[in-house]
Amino acid sequence: MKAMVLSKLSSLVKNRAPLEFADLPEPIPREDEILIKVSVCGVCHTELDEIEGRTPPPRFPVVLGHQVVGRVEAKGCRAGVFEVGERVGVGWIYSVCGECKFCRGENENLCPEFRATGRDANGGYAAYMTVPERFAYRIPTVFSDSEAAPLLCAGAIGYRSLRLTGLRDGQNLGLAGFGASAHLVLKMARHKYPNSRVFVFARSEKERSFARELGAVWAGASEEKSPEKLDAIIDTTPVWKPVVEALGNLESGGRLIINAIRKEEVDKDYLARLDYPAHLWREKEIKSVANVSRSDISEFLELAARVPIKPEVQEYPLEEANRALIELKEGKIRGAKVLRID
Ligand SMILES: [Zn+2]
Ligand SMILES: [Zn+2]
């Protein structure tokens, strides 16, 4: 089968083609697994963190990609949830232990044995993939394959981030960074909190005007002061400056949610500007988001279908995965990027 594989870690500044085209054997589903013929796979910022070694895959070569939409091609002998031919999706959560205190509670995303799709197991930058059927989801019919893919990570983790803000309707929400996840959070927030005003901080004027188009009341650069204090801010940037600046824009008792699996080191010295009275005092909180649970994905798919919340997508053929990744790295973004495989 055709696949784009990662064989070693590399810097995207030095190596603009980290993935190589390969012909791999088609995977065979184990007892509780399904084999999926992949239609499309979303491109996520986490792929950049994997390629550059901030969250490295445990072995190589590996097939990246964790926003997978396709159809069930075959099933293991004990897999009985889906029919052959049915459309399914896979997100970042590939498997968990199912027994630890986090799995028994409602926090399987924190399981120490959390395995991620496209990092700890082969993902969707390929013609086929296998997954335990418990970690696959039916895709509501209102979405095309390409529209559904970004919902599986960008959307689901955005849903988790928005939930963790503890926002109430009418309170001000800030979004630092305006990529695939944030543009879905804006759409979600306008539905869930119709009386809340959304303020967006983004690095390019293109992203800022896109945010205004989608209903942000204000959009500025990350170092700007927002015209009003913000009760919650979600940061989806890969760096530190927006974190410090966001804390300065936070209302007393407000909460900053950091939705990033890793932060880059490039501007870490900016943290030295952290001024306790300006940025943290008055009961401000910081909380990170880690992974997603199955219920984040299934609840979000249901909500997105009901509203409906559809992402803006840019499609690339699988063979051009490197170009999609470089454009993501360089901030050439409008909505979400998706690879077309079949
Ligand atoms: Zn992702
Ligand atoms: Zn567990």
Side-chain angles (χ1 to χ4, degrees), residues 6 19 38 40-52 54-57 62-69 89-125 129 131-132 134-137 146-162 177-185 234-238 257-264 288-297 300-301 304 311 313-314 316 321 324-325 327-329 333 335-339:
L6 179 69
L19 305 187
V38 181
V40 297
C41 184
V43 177
C44 179
H45 198 278
T46 300
E47 271 97 82
L48 308 182
D49 295 317
E50 293 184 61
I51 293 166
E52 297 192 311
R54 288 179 293 277
T55 180
V62 63
V63 178
L64 308 181
H66 57 266
Q67 306 184 88
V68 190
V69 175
V90 183
W92 177 244
I93 181 167
Y94 188 85
S95 68
V96 292
C97 82
E99 288 160 14
C100 70
K101 63 180 177 186
F102 298 108
C103 284
R104 280 188 276 107
E106 280 178 7
N107 294 305
E108 60 184 2
N109 57 307
L110 302 179
C111 174
E113 289 177 41
F114 184 98
R115 295 179 71 225
T117 311
R119 184 189 65 188
D120 307 311
N122 280 344
Y125 285 23
M129 71 167 286
V131 68
R134 292 171 59 235
F135 298 89
Y137 315 84
S146 288
E147 287 170 339
L151 304 178
L152 292 156
C153 180
I157 199 153
Y159 174 80
R160 184 172 186 87
S161 308
L162 188 57
F178 200 67
S181 185
H183 97 286
L184 287 164
V185 169
I234 299 172
D235 165 55
T236 49
T237 70
I257 296 291
I258 301 180
N259 168 5
I261 185 166
R262 294 292 182 273
K263 285 281 189 185
E264 294 181 17
S288 69
V289 181
N291 305 322
V292 280
S293 65
R294 276 173 293 176
S295 59
D296 290 326
I297 299 178
F300 176 65
L301 285 175
V313 294
Q314 281 179 297
Y316 302 71
L325 290 163
E327 289 183 8
L328 184 58
K329 174 83 179 175
I333 309 165
K337 297 179 191 301
V338 165
L339 304 176

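Values below: every heavy atom of this structure, side chains too, minus hydrogens, waters and symmetry copies. Nothing here was measured: the structure is a model prediction, and the numbers come from that model. One-based numbering, in listed order, for ligands and for the atoms of each. For the single chain, residues carry numbers from 1 onward in sequence order.
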Handout entry: Sidechain-backbone polar pair: E264 side chain, P238 backbone, donor-acceptor under 3.5 Å
Key =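 Judged by distance alone, no pair lies under 3.5 Å.
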Practice task
Compare every heavy atom of R160 with every heavy atom of S293, then report the nearest pair and how far apart it is.
Solution key: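 What the structure gives for the nearest pair is OG-NH1, 4.1 Å.
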Handout entry: Where C97 and E113 come nearest, the two heavy atoms and their spacing
Key =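 Taking every non-hydrogen atom into account, CB-OE1, 3.7 Å.
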Handout entry: Polar protein atoms near the Zn ion (ligand 1) [N, O or S; cut-off under 2.8 Å]
Key =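 Near the Zn ion (ligand 1), the protein supplies C44 SG, H66 NE2, C153 SG.
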Practice task
Could you tell me how the ring of H66 sits relative to the ring of W92: parallel (under 30°), tilted (30 to 60°) or perpendicular (over 60°)?
Solution key: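 Taking W92 first and then H66, their aromatic rings stand perpendicular (interplane angle over 60°).
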Practice task
Could you check whether the rings of H183 and F178 sit parallel, tilted or perpendicular, using 30° and 60° as the cut-offs?
Solution key: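 H183 and F178: perpendicular rings.
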Exercise for the section: Could you tell me the angle subtended at the Zn ion (ligand 2) by SG of C100 and SG of C97, rounded to 10°? Expected result: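 The two atoms subtend 110° at the Zn ion (ligand 2).
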Handout entry: Angle, SG of C111 through the Zn ion (ligand 2) to SG of C103 - 10° precision
Key =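 It comes to 110°.
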Handout entry: Among V68, V69, L339, the one residue meeting side chain to side chain contact (heavy atoms under 4.5 Å, CB included) with V38
Key =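 Among V68, V69, L339, the one meeting side chain to side chain contact (heavy atoms under 4.5 Å, CB included) with V38 is V68.
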Exercise for the section: Inspect the contact between D49 and R262 and indicate whether a charged nitrogen and a carboxylate oxygen are less than 4.0 angstrom apart. Expected result: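 Salt bridge between R262 and D49, a charged N being under 4.0 Å from a carboxylate O: no.
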